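What follows is one structure encoded as structure tokens, with my remarks underneath.
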Amino acid sequence: MKKNYLHGRMQGGQILAKAMAIKGIKRVFSLCGGFLNPIYDGCLEYDVDVVGTRNEMEAGFMASATSRLSREPAVVLAEPSGFTNYISSVAEEFHSGDPVIFISVGSIFHRLDHMGFKEMPHHRVVESFTKYSVRVNSGDRIHEFFDKAYDIASNLPTGPVQLSIPINFVFSHYEMGNKKRSFDLSKKKVHLAPVHQNDLALVTDLLKDAKKPVVIAGAGIHQSQAEKTLESFSERFRIPYFHSNHLEIRQPDFTRETYMGLADIHQNPASRLIHEQADTVLCLGTKMDYCLDFGEPPLFNAASTLICVNPTARELADNHIADHGILADSKIFLEALSEKLVCSGLDPQWCQQIRTRRIEENNTLLEAASSNETPIHPLQACVDVLQTLTDNDYLIVDGGDAHGWQETALNITSLENKNLKGLLMSGPFAQLGVGVSFATATKMIEPDSKVVLISGDGSFGLNPGLPLETAIDRNIPRVVVGLNNQA
């Protein structure tokens with residue numbers, strides 16, 4: 001019998017718990033309920049920590065932050081009444097690309113479509129905004145479905161998946177290990193797309209003669225663990241790089257000389273130079289959606305050459321506005337490009353030109369914000385908070401207006417050699433109410449780091465459950481700064 005397989009008489013919940021443990025899941029998030037008891041029993045047996053939350057949406061948001069920080073799938077458990085509570089978190093993770101495995105227990109299988117107790121087709125409700133959504137059709141196959149869900153969630157582009165398990169499968173017992181061919185649950189299958197040599201030659205030629213090229217980094221940089229590769233590439237060839245709003249966790253060095261901040265003309269006015277002067281724009285792991293003005297003005301110029309690098313054909317199809325679509329993993333692409341590229345036409349003053357514009361724009365913004373009036377300007381409040389943080393600390397941001405001011409503040413302080421260990425906020429779905437959950441999960445993973453949440457007053461009120469109760473239960477210290485516009 002192969003290692004890490006299931007054998008003997010096992011309860012369905014035990015099958016799931018052991019499959020999670022073998023796959024390396026150390027912690028799951030859930031609002032405890034009786035429908036889930038066999039799974040909880042299995043978690044106790046196999047040392048999987050169950051974080052009890054006050055609301056399934058909170059569980060989903062905590063799983064989201066956990067998956068971003070660990071770069072591994074996280075798990076949410078919900079009983080039938082709680083399934084609908086986590087739907088908002090599914091949407092957040094779908095748009096952000098967070099590999100979260102949502103597992104809900106549903107009505108008994110042999111009474112489906114007969115209005116059974118708490119009956120709802122969970123898998124159909126969320127199938128339009130998950131990578132994979134299915135109802136388990138046999139209790140002795142629970143581990144197979146989990147293995148497949150893990151594989152789909154963790155491969156690029158990463159994202160959420162949904163498993164719905166009928167309650168009788170969770171409570172029933174099954175004889176395991178009788179199949180002729182078993183498989184190793186501990187295997188983690190990661191499939192990365194290489195770059196075709198013709199595509200590599202094309203980009204090399206385009207950048208060779210470019211005078212003012214820029215790179216825009218999206219969530220694919222984080223998902224491919226390519227932050228350091230991007231920094232090295234940018235500094236070596238003196239090609240400035242911006243990030244898009246899709247980089248929901250940012251762990252690059254904000255103080256790098258070639259790092260130019262957010263690609264957003266309002267929160268980082270210097271990024272207007274992308275439209276005004278850039279002749280070649282290389283987008284890595286991005287989506288040409290509203291965050292990047294759909295690849296059109298006022299951020300982009302139709303006269304510039306737009307290149308999009310994505311790891312799947314579907315993403316390239318979504319980015320059809322690009323002049324050239326390159327199928328490749330971001331890290332593999334950058335490493336291959338670094339070996340071939342020679343930038344013979346680059347304007348040597350290009351990076352400094354953007355930095356000078358950033359300094360001028362930042363001084364104007366700070367002058368408007370740094371008055372002694374009461375109440376304090378929100379931009380000044382955000383700058384003041386950032387000044388207290390170090391490169392071992394995490395900043396969590398939650399809110400609409402608060403998000404905007406904090407992005408602007410980060411753009412200002414990054415020019416003052418102020419760096420962070422990480423920054424987490426809502427992704428392109430712009431889900432409000434994520435902050436407390438993100439902060440709690442971050443502190444659980446990074447206990448030696450200071451974790452500070454900046455939240456708008458409205459967003460703080462939208463946090464699911466009782467905002468700080470889970471953190472109090474687990475004795476998790478964080479700092480919450482509320483920007484209260486009294487609206």
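Here the structure is a predicted model, which is why all the values come from computation and not from measurement.
- Scanning for side chain to side chain contact (heavy atoms under 4.5 Å, CB included) contacts around A193 gives an empty result, with sequence neighbours left out.
- Legend: residues meeting side-chain hydrogen bond (donor to acceptor under 3.5 Å, both in side chains) with N155, ordered by chain and number and at least two apart, are D151.
- Take A74 and apply the side chain to side chain contact (heavy atoms under 4.5 Å, CB included) test, not counting sequence neighbours, and it matches A63, T66, S67.
- Sorted by first and then second residue, the side chain to side chain donor-acceptor pair (under 3.5 Å) pairs with a member in residues 268-280 read K212-Q277, N268-N411, E276-R357, Q277-Q353; sequence neighbours excluded.
- Shown here are the side chain to side chain contact (heavy atoms under 4.5 Å, CB included) partners of A263, two or more places apart in sequence or in another chain: I216, F242, I274, L292, L299.
- By the side-chain hydrogen bond (donor to acceptor under 3.5 Å, both in side chains) test, Q162 is found to be paired with Y86, S104, residues two or more places apart in sequence or in another chain being considered.
- Sorted by first then second residue, the side chain to side chain donor-acceptor pair (under 3.5 Å) pairs that include residues 321-345, not counting sequence neighbours, are S224-D329.
- Listed by chain and residue number, nothing satisfies the salt bridge (Lys or Arg N to Asp or Glu O under 4.0 Å) test with E296 (two or more places apart in sequence, or in another chain).
- Residue pairs meeting the ring-ring contact (aromatic ring centres under 6.0 Å, His included) criterion with at least one partner in residues 407-460, sequence neighbours excluded, are H95-F429.
- H320 pairs by the side chain to side chain contact (heavy atoms under 4.5 Å, CB included) definition with nothing, not counting sequence neighbours.
- If you look at F237 and F233, their ring centroids are closer than 6.0 Å.
- Residues satisfying the side-chain hydrogen bond (donor to acceptor under 3.5 Å, both in side chains) test with D318, not counting sequence neighbours, are R314.
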With a cut-off of 3.5 Å and sequence neighbours excluded, list every side-chain donor-acceptor pair involving residues 374-385.
unit_1 : atom_1 : unit_2 : atom_2 : d
H377   : ND1    : L379   : N      : 3.0
Q380   : NE2    : D384   : OD1    : 2.8

